[in-house]
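Below: the structure, in structure tokens.
Chain identifiers are assigned alphabetically (A, B, ...) following the order of the sequence lines, protein sequences preceding nucleic acid strands; residue numbering begins at 1 within each chain. Side-chain atoms are counted along with the backbone in the values below, which use heavy atoms only and exclude waters and symmetry mates.
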Amino acid sequence: MKIAVCIKRGPDMETRFKIAASGKAVDEAGLKYDLSDFDGYAVETALQLNEKQGPGETVVISLGPDVVQEQLRKALSMGADRAVQLKSDSVPVDGLAIARALAAELQSGGYDLILFGRQAVDSANATVGPMTAELLNLPCATAVSTLDIANGRATARRELEGAAEVVEFALPAVVTVDEGMPRARYPSLKGIMAARKKPLEVKAAQLGEERLTLEKMELPPERAAGRIVGEGPGAVPELVRLLHTEAKVL
Amino acid sequence: MANTFAMAESRGGALRRVALEAVSAARALADASGGGEVHALLAGAPGIASLAPELGKYGADVVIVVEHAGLANANSEVLAATAAVRIRSGGYRAAVFSSSAQGRDLAPRVAAKLGVAMAADVTSFELAGDALVVRHPAYAGKVIATLRLTGTPAILTLRPGARAAVESAKAARVESAQPAIDPASSRVVVKEMIAGGSAKLDIGDAPVIVSGGRGLKSAENFKLVEDLAAAFGNAAVGATRAVTDDGWRPHSDQIGQTGRQVSPDLYVACGISGAIQHIAGMRNSRTIVAINKDKDAPIFKVADYGIVGDVLEVLPVLTAAVKQARSQG
């Protein structure tokens with residue numbers, strides 16, 4: 001199959017973020033970046049599908065400034081065949097602008113399957129996948145936890161709140177992958193060496209008009225410090241009393 | 001004065017709580033724009049119209065009812081096309097969807113069909129002249145982004161529980177409409193719906209959540225968490241990513257940045273150390289209780305009340321005490 005995987009560069013979340021002086025971004029100093037976690041699952045999913053189902057091509061695409069080439073190279077070192085950077089000065093907050101640029105690139109690519117992570121680690125919007133599907137007029141299944149493909153048809157499970165559904169659709173299609181799908185593999189040394197020679201094409205991103213813009217970023221208010229009620233089972237009566245009389249939740 | 005659209009989400013012929021939150025938010029937007037109407041779209045199998053008065057109670061002036069046997073399960077392709085047709089012709093200032101599994105699947109498609117601005121997972125909003133300004137938690141909830149949506153209609157999905165549904169009785173005149181495309185022609189077909197357990201409260205709806213982490217030491221010990229949830233009577237069981245990754249609980253129970261984001265009245269964290277990824281999903285709970293044997297665990301920084309101790313010893317005592325407190329009314 002010819003599979004496209006749209007990936008985003010994202011920071012490691014296990015850190016204390018600071019707001020940049022502009023008030024419109026997080027301070028990037030000291031942040032570590034990687035593939036956004038679900039996007040890593042999407043790359044892995046594509047590689048496994050093509051490994052199992054015989055000859056195919058996995059193309060990874062990322063929109064943004066030149067630093068996204070790091071993540072494209074990582075995907076190539078995992079085993080993707082080639083990469084495309086849709087170059088823009090920054091990654092817009094407007095998901096529809098990103099979807100337009102991706103759709104313009106994907107339109108004539110002849111892809112059987114277009115994969116996304118369910119949502120990015122940083123913006124967590126979960127919008128670009130289904131928007132791209134809509135612009136390409138393709139069937140779309142979001143947030144799938146399983147994906148089986150046979151004879152040009154896909155079966156996927158989607159987790160809903162307190163329930164799940166099994167959906168079926170024909171390819172070509174757009175799928176966004178959720179927890180339950182395979183974790184990204186670690187690139188092998190051989191893979192890293194091979195990635196250096198794989199093609200990485202740079203094109204201008206066709207974003208169009210942006211109607212969603214960032215006003216500011218700020219840190220959320222800290223929760224007021226709580227208190228340790230006591231130690232061990234002996235603290236239970238006091239806890240229950242506080243839940244009843246103070247928090248009024250019991 | 002401008003009208004506002006709301007998507008009223010249902011499942012299995014019943015309204016979801018997020019439907020009332022969406023209608024109530026649309027009411028607030030309509031009132032803020034000088035008293036326009038709220039038009040709520042309610043789609044489902046024949047008979048779904050009976051839910052219209054409930055939407056009126058929360059502020060819907062008009063309920064657009066789309067009844068079709070092929071809509072017994074939500075179908076985003078059909079719903080997106082139907083909502084887009086209505087929103088395009090209705091001259092709305094804004095359209096409110098829910099940031100639920102269904103709403104997150106639906107709203108981006110509608111925004112793309114209409115070519116309009118959309119903001120996801122919104123916790124608050126205000127009209128600012130011609131624009132809509134919203135707040136959206138980003139970076140695992142550690143940063144709050146303020147975003148501006150230019151043009152109309154502006155589409156937003158509302159974070160479940162971020163804004164309580166408020167009663168505001170309106171007439172809820174019923175208008176019937178047809179699906180914009182035949183559900184039978186949908187390219188994505190729901191083959192099976194799998195209920196997540198009989199009559200169990202969903203973690204998005206439960207006023208109390210009892211959640212377990214690695215400190216429980218085994219899948220079997222989750223019985224203690226379930227017992228405490230049962231003692232509260234109105235509680236659901238949640239879990240950390242570490243626990244769902246280990247297969248102790250299904251992925252659908254995971255609370256955290258990559259799982260569900262919840263804001264119940266009471267959140268009881270049992271044997272949870274408080275990784276950032278988990279705290280991102282529960283920090284907006286009204287009251288947080290933490291039980292953990294490590295007094296330096298980060299969970300105690302967000303907890304209102306903490307007990308330092310072995311969760312396996314504390315839980316049975318707490319369950320008995322909650323049972324007793326509830327029996328005393």
Option that, when pairs with chain A are counted at under 4.5 Å, heavy atom only, ranks first among B:K301, B:E77, B:R283:
B:R283

Which of B:L149, B:V110, B:L132 passes side-chain contact (heavy atoms from CB on, under 4.5 Å) with B:I155? It is B:V110

Taking 4.0 angstrom as the limit, do A:D178 and A:R158 come out as a salt bridge?
no

For A:V93, which atoms come within 4.5 Å of any heavy atom of chain B: side chain, backbone, both, or neither?
side chain

Flag for B:D105-B:S76: side-chain donor and acceptor within less than 3.5 Å
yes

Does B:R159 pair with B:D121 as a salt bridge, N-O distance under 4.0 Å?
yes

Given heavy-atom pairs under 4.5 angstrom as the criterion, report whether the side chain, backbone, both or neither of A:L212 touches chain B.
both

Pick from A:A247, A:A124, A:G129 with the largest number of heavy-atom pairs that fall under 4.5 Å of chain B:
A:A247

Portion of A:L250 that has a non-hydrogen atom of chain B nearer than 4.5 angstrom:
side chain

At a heavy-atom separation under 4.5 Å, does B:D304 approach chain A through its side chain, its backbone, both, or neither?
both

A:I19, part contacting chain B, at a heavy-atom distance under 4.5 Å:
side chain

Proximity breakdown for B:R241 and chain A, heavy-atom pairs closer than 4.5 Å:
side chain

Per-residue contact mode, A:A235 against chain B (heavy atom under 4.5 angstrom)
both

Determine the option with the most heavy-atom pairs under 4.5 angstrom with chain A, choosing from B:V134, B:T157, B:D245.
B:D245

Sort A:D37 into side chain, backbone, both or neither according to what part of it lies under 4.5 angstrom from a heavy atom of chain B.
side chain

Under 4.5 Å from any heavy atom of chain B - which part of A:R100:
neither

With a 4.5 angstrom heavy-atom cut-off, is it the side chain or the backbone of B:Q277 that approaches chain A, or both, or neither?
both

A:R9 charged N/C atom sitting above A:Y33 aromatic ring, 6.0 Å / 45°:
yes

Can you tell which part of B:V289 gets under 4.5 Å to a heavy atom of chain A, answering side chain, backbone, both or neither?
side chain

Report which part of B:R260 has an atom under 4.5 Å of a heavy atom belonging to chain A: side chain, backbone, both, or neither.
side chain

To the nearest 0.5 Å, how far apart are CD in A:E165 and CD in B:Q102?
8.5 Å

Ignoring hydrogens and angles, state whether a donor on the side chain of B:Y305 or A:E238 is under 3.5 Å from an acceptor on the partner side chain.
no

From OG (B:S99) to CD (B:Q261), nearest 0.5 Å:
7.5 Å

So, A:S36 side chain and A:F38 main chain: donor-acceptor pair closer than 3.5 Å or not?
no

Is any NZ, NE, NH1 or NH2 atom of the basic residue among A:R153 and A:E168 found under 4.0 Å from an Asp or Glu carboxylate oxygen of the other?
yes

Sort out for me which of B:M193, B:K142, B:H251, B:R16 touches chain A most, counting heavy-atom pairs under 4.5 Å.
B:K142

For A:L239, which atoms come within 4.5 Å of any heavy atom of chain B: side chain, backbone, both, or neither?
side chain

Turns out that what part of A:P11 lies under 4.5 Å from chain B's heavy atoms comes down to side chain

Between B:A131, B:G151, B:P108, B:A120, who has the most heavy-atom pairs with chain A when the cutoff is under 4.5 Å?
B:P108

For B:A303, is it the side chain, the backbone, both or neither that has a heavy atom under 4.5 Å from a heavy atom of chain A?
backbone

Looking just at side-chain N and O atoms, do A:S145 and A:E159 make a donor-acceptor pair shorter than 3.5 Å?
yes

So does B:E9 pair up with B:R11, basic N to acidic O under 4.0 Å?
no

Strictly distance-based, threshold 3.5 Å: is any side-chain N or O of B:E313 a donor or acceptor partner for the main-chain N or O of A:P233?
no

Using non-hydrogen atoms only, which part of B:N234 is less than 4.5 Å away from chain A: side chain, backbone, both, or neither?
neither

Using non-hydrogen atoms only, which part of A:A126 is less than 4.5 Å away from chain B: side chain, backbone, both, or neither?
both

Where on A:D94 is there a heavy atom nearer than 4.5 Å to chain B: the side chain, the backbone, both, or neither?
neither

Of the backbone (N, CA, C, O) and the side chain (C-beta and beyond), which part of B:I288 lies under 4.5 Å from a heavy atom of chain A, both, or neither?
both

